[in-house]
Amino acid sequence: MATRSDAQQLDAADPLAPFRDRFTGDGPDGSWDDGPDRRIYLDGNSLGRLPRATPAALARVVQEEWGQGLVGSWAGWVSQAARVGDALAGGVLGARPGEVLVSDSTSVNLYKLLRAGIDARPGRDVLVCSADDFPTDRYLVAGVAQERGLEVRELASHVDEGLALGDLVAVLDERVAVVVLSLVAYRSGALADLVAVTELAREHGALVLWDLSHAAGAVEVDLSAADLAVGCTYKHLNGGPGAPAFLYVRRELQDGLRQPLQGWFGARDQFDMGPAYEPVDGIERFAVGTPPVLATAAVEVGVALTAEAGIAAVAAKGRALTDLLVALADERLPQLRLASPRDAARRGAHVSLEHPQAWQLTQALVDRGVVPDFRTPDRVRFGTAPLYTRFVDVWDAVERLAEIVDADAHLGYPAERSRVT
Ligand SMILES: *Cc1c(COP(=O)(O)O)cnc(C)c1O
């Protein structure tokens, strides 16, 4: 049985430990409170913490570039989305320069690339998505299918174990245009096999549009094997609330794809203000309108931190943190069932535990300073953030949960859910 001092030893040997001080803690002035009653934030996969460098980076853009430079600052701002995209491509996603653009929200990027992918597969009339994917992905697939008169086939992937290749084989044929899948499942953390799935779809002539929202900044991603992808920057990449998302289009496909939102930021010779839309060459054709410059400056800081730490080290620590959580839950929480893959190689950086009173447990945990997420129907989801979650945080969080369960303390909380969970 792993003791608290075992967890402390893991922290002492952790090469990423110094990165915690690069983030704002919960103590006064953003310092880290390491006391026994401290908050333990296990929701960095929903909203990542604030990097210490972000306020100054934003203040510089506000005061110097906006305040002093005014419209002249567009000289630099106009290439910001592609520049931060390149940092993300090379530092985090295993893509090449010119393949990633920071833009819009994940939902809007899904729409753009889904429509572009469908048009690149004329004559095909089926979209595939997972019945268990994040709602926005399923809703967008359904909406585009309706708009274009296509059929949707839902993959019956396993809620806890994720996608098995056999499930995909069962729905692929020559009618399928695009398959939309999350690389890391939002509920269970199950990690799909990007290379094998993309290959399988290609054999049937279909494109895979990957959603990397819970993967980017948490696991090693090799986009060199992929065709299309989108993802969030406010989760593991610590870009801040509502930070713009990213999209990836394989270089060889870019000039053959057109997206439906024909805005001036995606146009050739943008400032010629020509009569008709003609997409510019390269990744910028997937841009739409004036980009969120301030928010993208925060994304740049978050991405740089993950790139500096190295995604291989980040992913390895994510596996070690979740392994510890799973081992401790086995020992201390027999009333909860692991609702994630047991093999760390098949997970992202979060795990879920199932319990019929998961919502009440979540409330009791929050009251005791542990912040997880509740996820329907009956899961408590624990997100580890390798850049700032310590092994001892995992140990203490499991201990606090065990105390709640052992005392039935959660039964004093309402079973009725609130609006945001
Ligand atoms: C978080 C998340 C999103 C969020 O999309 P937004 O447009 O940023 O709201 C989309 N897809 C998945 C899989 C997610 O986990």
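Side chains included, hydrogens not; waters and symmetry mates left out as well; all remaining heavy atoms used. Residues: numbered from 1 along the sequence shown. Counting convention: from 1, in listed order, for ligands and their atoms alike.
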TODO: State whether the side chain of Q254 and the backbone N or O of I283 hold a donor-acceptor pair below 3.5 Å, judged by distance alone.
DONE: yes
- [ ] May I ask you to check whether D132 and S157 show a side-chain donor-acceptor distance below 3.5 Å?
- [x] no
TODO: Quick one: pull up CD in E151 and CG in L127 and give me the separation to the nearest 0.5 Å.
DONE: 9.5 Å
- [ ] Step through it carefully: locate the ring centre of H350, locate the ring centre of H214, and say whether they are under 6.0 Å apart.
- [x] yes
TODO: Specify whether W74 and F265 have parallel, tilted or perpendicular ring planes, treating 30° as the upper limit for parallel and 60° as the lower limit for perpendicular.
DONE: tilted
Could you go through ligand 1 and list every pair where one of its N or O atoms sits under 3.5 Å from a protein N or O, giving the atom names and the distance to one decimal?
unit_1	atom_1	unit_2	atom_2	d
ligand 1	7 (O)	T106	N	3.4
ligand 1	7 (O)	S107	N	2.8
ligand 1	7 (O)	S107	OG	2.6
ligand 1	8 (O)	Y234	OH	2.7
ligand 1	11 (N)	D137	OD1	3.0
ligand 1	11 (N)	D211	OD2	2.8
ligand 1	15 (O)	H214	NE2	3.3
ligand 1	15 (O)	K235	NZ	2.5

TODO: Under the side chain to side chain contact (heavy atoms under 4.5 Å, CB included) rule, collect the residues that match up with T322, sequence neighbours excluded.
DONE: R347, V351, T384
